[in-house]
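Heads up, the thing below is written out as structure tokens.
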Amino acid sequence: NQNDFNAAESWMDRTIMLKPKDLNFLLKQGKLKYTLGKKEEAKTIFELILQYNPKYAEAWNSLGLIICDKGKGDIQKAMACYDSALALDPDLESALINSLDIFNATGDKDKFLKYLKRLYRINPKNEKLVPMFTQFEIH
């Protein structure tokens with residue numbers, strides 16, 4: 001809550017020592033490591049979560065984000081992770097948004113619009129998407 005990510009990392013690491021197989025805590029730890037720029041550590045954590053539970057949609061999404069690495073990574077592998085996440089949880093907004101980023105970057109307008117409409121049906125109040133709908137006049 002205080003944006004002191006270094007202190008948060010210390011506390012999160014302690015928490016994981018006490019509950020090393022708590023997938024929710026591991027997911028938070030992985031996201032925190034990613035925020036701190038420790039992408040390899042985060043990737044290892046997300047892969048560990050998926051070893052424990054291959055049906056953890058949010059872990060698939062987070063792994064995809066690291067693999068994609070803002071367009072510098074393996075876009076096909078990242079998209080496969082997002083697809084896995086969405087197969088498990090079709091309404092996972094973060095996976096839809098990450099997929100939109102890939103479709104936008106690759107110029108796949110048809111899929112971009114399809115996923116944008118899908119996301120809009122799930123959450124029409126998502127502030128990130130309203131300008132996109134206005135731009136494309138989607139109803």
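Nothing here was measured: the structure is a model prediction, and the numbers come from that model. All residue numbers in this chain count up from 1 along the given sequence.
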For S99, the option from N104, L116, L86, D108 that meets side chain to side chain contact (heavy atoms under 4.5 Å, CB included): L86
Result of checking E40, E47, K43 against I66 for side chain to side chain contact (heavy atoms under 4.5 Å, CB included): K43
Nearest 0.5 angstrom please: [X] [atom1] to [Y] [atom2], how far?
{"X": "C68", "Y": "N98", "atom1": "SG", "atom2": "CG", "result": "8.0 Å"}
{"X": "Y82", "Y": "L96", "atom1": "OH", "atom2": "CG", "result": "11.5 Å"}
{"X": "D101", "Y": "M79", "atom1": "CG", "atom2": "CE", "result": "10.5 Å"}
{"X": "L100", "Y": "F103", "atom1": "CG", "atom2": "CZ", "result": "7.5 Å"}
{"X": "K28", "Y": "E58", "atom1": "NZ", "atom2": "CD", "result": "11.5 Å"}
{"X": "L92", "Y": "W60", "atom1": "CG", "atom2": "CH2", "result": "13.5 Å"}

Which pair of heavy atoms, one from [X] and one from [Y], lies closest together, and at what distance?
{"X": "A57", "Y": "D89", "result": "CB-CB, 3.8 Å"}
{"X": "A78", "Y": "G64", "result": "CB-O, 3.3 Å"}
{"X": "S94", "Y": "N61", "result": "OG-ND2, 3.1 Å"}
{"X": "S62", "Y": "K31", "result": "OG-CE, 3.6 Å"}

Salt bridge (Lys or Arg N to Asp or Glu O under 4.0 Å) involving E93 - partner list, sequence neighbours excluded: none
Using the side chain to side chain contact (heavy atoms under 4.5 Å, CB included) rule, take F112 and I102 through it: C-alpha gap first, then chi angles, then the decisive distance, then the call. CA-CA 8 Å; F112 181 86; I102 287 180; over 6 Å; no
Given side chain to side chain contact (heavy atoms under 4.5 Å, CB included), test I97 with N126 step by step and report yes or no. CA-CA 10 Å; I97 289 170; N126 188 314; 3.8 Å; yes
Assess whether atom CD of Q76 is packed by more than 12 heavy atoms of other residues, nucleotides or ligands within 6.0 Å. no
Heavy-atom side-chain proximity of L26 to L23 below 4.5 angstrom: yes
Regarding Y56 and N24, do their side chains bring together a donor and an acceptor under 3.5 Å, going by distance alone?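 A donor-acceptor contact under 3.5 Å links the two side chains.
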